[in-house]
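In what follows, chains are A, B, ... by sequence order, proteins preceding strands, each numbered from 1.
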Amino acid sequence: MAINIRALPRKEYLCRGNAACPGCPETLGLRYVGMALGDKAVLVVPAGCSSVIQGIGPKNGFAIPTLNIVFAAAAATASGLARAFQRRGVDAQVVVWAGDGGTADIGFQALSGAAERGENIIYICVDNEAYMNTGIQRSGLTPYGAWTTTSHRGKKGHKKPMPEIMVAHRIPYVATASIGYPWDFIAKLRKAAKIKGFKYIHLHAPCPVGWRFDPSLTIKIARLAVETGMWILYEYENGKLKLNPPSDRLLDPSKRKPIEEYIKLQGRFKHLTEKDIEELKKYVEQNWANIRAMLEAQEKQQLSS
Amino acid sequence: MPRMVLTGNHAVSYAVKLARVQVIAIYPITPQTAIVEKLDEMIESGEFDADIIHVESEHSALAAAYGAAVGGARVFTATSSHGLLYMYEVLWWVAASRMPMVMVVVTRAIGPPWNIHTDHHDIMSMRDSGWLLAMAENNQEALDLTLLAYRVSEDPRVYLPVAVGLDGFILSHTAEPVDVPEQSIVDRFLPERRQPYTIEPGTDVSMGNIFSDEYFEELRMDMQKSMLEALNVIREAGREYGRLTGRSYEKLVDCYKCEDADYLFIGIGSWMGDAKIAAEKLREEGLKFGVARLRWIRPFPVDELLEAASGKKLLVVMDRSISMGHTGPLYADVSGATGSRVPVYGVVAGIGGVDVSYKDFVSIGKWAVERLEEEGVTHLPLTWYHNGVFNYMYPVKL
Ligand SMILES: Cc1ncc(C[n+]2csc(CCOP(=O)(O)OP(=O)(O)O)c2C)c(N)n1
Ligand code: SF4
């Protein structure tokens, strides 16, 4: 689905003077959510940076009706909200806007339950790869080797494969996205809004504060994550996986930029040894191998049917 | 008005249907489970039009009920014991959001060791959370209080959630004749849902972002004000319910022979029925006992309590839970309210479902009067009555 930037709504769904840090990826992402879904969206936000970014009440920096909720309960709260709208005949799109901690760790049970029940919501995990709101602690989505205040010598384990876990729930739509590719994200949101049932979008969101880079580099780093193959843009719809540009050109490793280009700009990786970088590369290769295997299996299936 | 033989749990299910609840979110736990099973059956058979969310935990049950309430639906959930504790942070969130809703707590002990029988530790853990708390004495009350709860919760002078407690097994699984009001009567009693706000497209309402500390404190002060208002709203609604059904709930304190009594048992829940039988027996032996049963724990009906306690020689507060390291929570509430006006003894008993019969209440009554008359002790904050033995478990005698 092509997105015509000129045709996007002019209305700003994120107000100026909100409380985000300079270069914040969550505010970028939220602007796109507003552009994509417009006035039908209602947000459910669990604890995290986005609860703070709204600023000090009684005003609110989000120009989208927003229901804040305790850290673990976003998917459950959104389920109830969506059911009430359905009963009352209110035409709304309930959207969860949750961090990586609120998604992969403390909120995981509620998320898995809502997905299994097939609740009619769009769940967006805005993944800045750590608990930023509490001051940069490791999460289940912090990558291998990254420094946080609770992984001083670099995290030992890898990132949980959250999108794949959601694919395994066999929900109608799973997509990855990046704040560096707004048109891709907006197209995916619009597609998700047309599908009934549980939709999961995993938005990669480099955070200058937590990743230790200059706030002017947010977009550049988001794009490097994709260009180096560290983050892969794809969608999974009706049981079918599809790579999206530019990741669709990166199956061949020689087309990808070296991951060092991505790593070297971030303070959180500055202590990495050669061995650590090798470990990260292995992980990236494994991710691509999984994608390739799925695509090949799909192709075979298509040929035989 | 049809009279049916119903367990406490099923009495609640009928009340939920009569209240025209729209969204139910619920998770099984003994002894509450029969409520949701019955509701599910009613929905499946087409006799009740509601949406039920079979969530994966109690944390999600309350969160989903809350989401649906914020979205404008009349909602219901129910739980017990560990389920209630699992909901704990959401309880506070719901109350401070000022979101009307009703939950039923079928009281049960908290482990370890695992124990499914009644005591009041679960519901008493809600006292500070901003929920209104009522406690049924019998199955009729379980039904009536659930209906009353919706009316009070959705009254703009209150706009706070309400929990209705009933004793696990003693009420939840015991069948009694219950008058089930006609739908038309309930419809007259219970207006369309009202709530302070909904969050939906086309509004610019948001809920729960950060405010200044001063404003935050004012919000909490406003909750306390509404709790005070609730005393009158409950009376008004209780009177109206009485007019429509013949069963008045105007009183937050159900007084049994309080007027001419010298001594009062004070407590909550089904065992106050045993206390009433004991009061009769004790009267036969010349000890004029009465029973002041608190139908509502929050708001604490201090005005009615003081009136009932006035001129009495002794109040014996019966707690089915304890605030470890201090006293029973009801004792603390009652003695705090009465001050030095009247002697108060606190007795804890029946923890983990240990049976306390009217005979036990007779022994407790006699023991209390003896202590008062022979030893002249005016305040005994905590005596733990267990297997017929009175264990004094407080550092001083007052
Ligand atoms: C039950 C509970 N535990 C802990 C917290 C403290 N807490 C608030 S936000 C947060 C981390 C949020 O991290 P993430 O979900 O990744 O979102 P981000 O802040 O990075 O946007 C934590 C631990 C809380 N609010 N509630
Ligand atoms: S810490 Fe990162 S995600 Fe959080 S507000 Fe600041 S820039 Fe945004």
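- Of the two parts of B:D204, neither the backbone nor the side chain holds a non-hydrogen atom closer than 4.5 Å to a non-hydrogen atom of chain A.
- With a 4.5 Å cut-off on non-hydrogen atoms, A:I53 does not touch chain B at all.
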Open item on the list: The test is side chain to side chain contact (heavy atoms under 4.5 Å, CB included); show your working for A:V42 and A:L67 and say whether it passes.
Closed with: CA-CA 8 Å; A:V42 174; A:L67 176 56; 5.6 Å; no

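- Formation of a donor-acceptor pair under 3.5 Å by the B:S153 side chain with backbone atoms of B:M101 is found in this model.
- Using a 4.5 Å cut-off between heavy atoms, A:E116 does not touch chain B at all.
- With a 4.5 angstrom heavy-atom cutoff, B:I52 touches chain A only via backbone atoms.
- The greatest number of non-hydrogen atom pairs below 4.5 Å with chain A, out of B:A50, B:A69, B:A63, is found for B:A63.
- Note: A:R117 leads A:K59, A:R117, A:E119 in heavy-atom pairs under 4.5 Å with chain B.
- Considering only heavy-atom pairs separated by less than 4.5 Å from chain B, the leading option among A:A78, A:P58, A:A63 is A:P58.
- Here B:D122 does not pair with B:R108 in a salt bridge; the nearest charged N to carboxylate O distance is not below 4.0 Å.
- With a 4.5 angstrom heavy-atom cutoff, A:N60 touches chain B via backbone and side-chain atoms both.
- The 12-atom threshold is exceeded at CZ of A:R87, counting heavy atoms of other residues, nucleotides or ligands nearer than 6.0 Å.
- Contact annotation: the side chain of B:S13 never approaches that of B:E41 to less than 4.5 Å [non-hydrogen atoms, C-beta and beyond].
- Across B:T203, B:V205, B:I53, the residue that shares the most heavy-atom pairs under 4.5 angstrom with chain A is B:I53.
- Using cut-offs of 30° and 60° on the angle between ring planes, the pair A:H204 and A:W211 is tilted.
- With chain A as partner, the option from B:A64, B:S60, B:G208 having the largest number of non-hydrogen pairs under 4.5 angstrom is B:A64.
- Aromatic ring orientation, B:F211 versus B:Y215: parallel (interplanar angle below 30°, classes split at 30° and 60°).
- Outside the 6.0 Å centre-distance limit, the rings of B:W93 and B:H59 are not counted as a close aromatic pair.
- Looking at A:V52, the atoms closer than 4.5 Å to chain B (heavy atoms on both sides) sit in the backbone and in the side chain alike.
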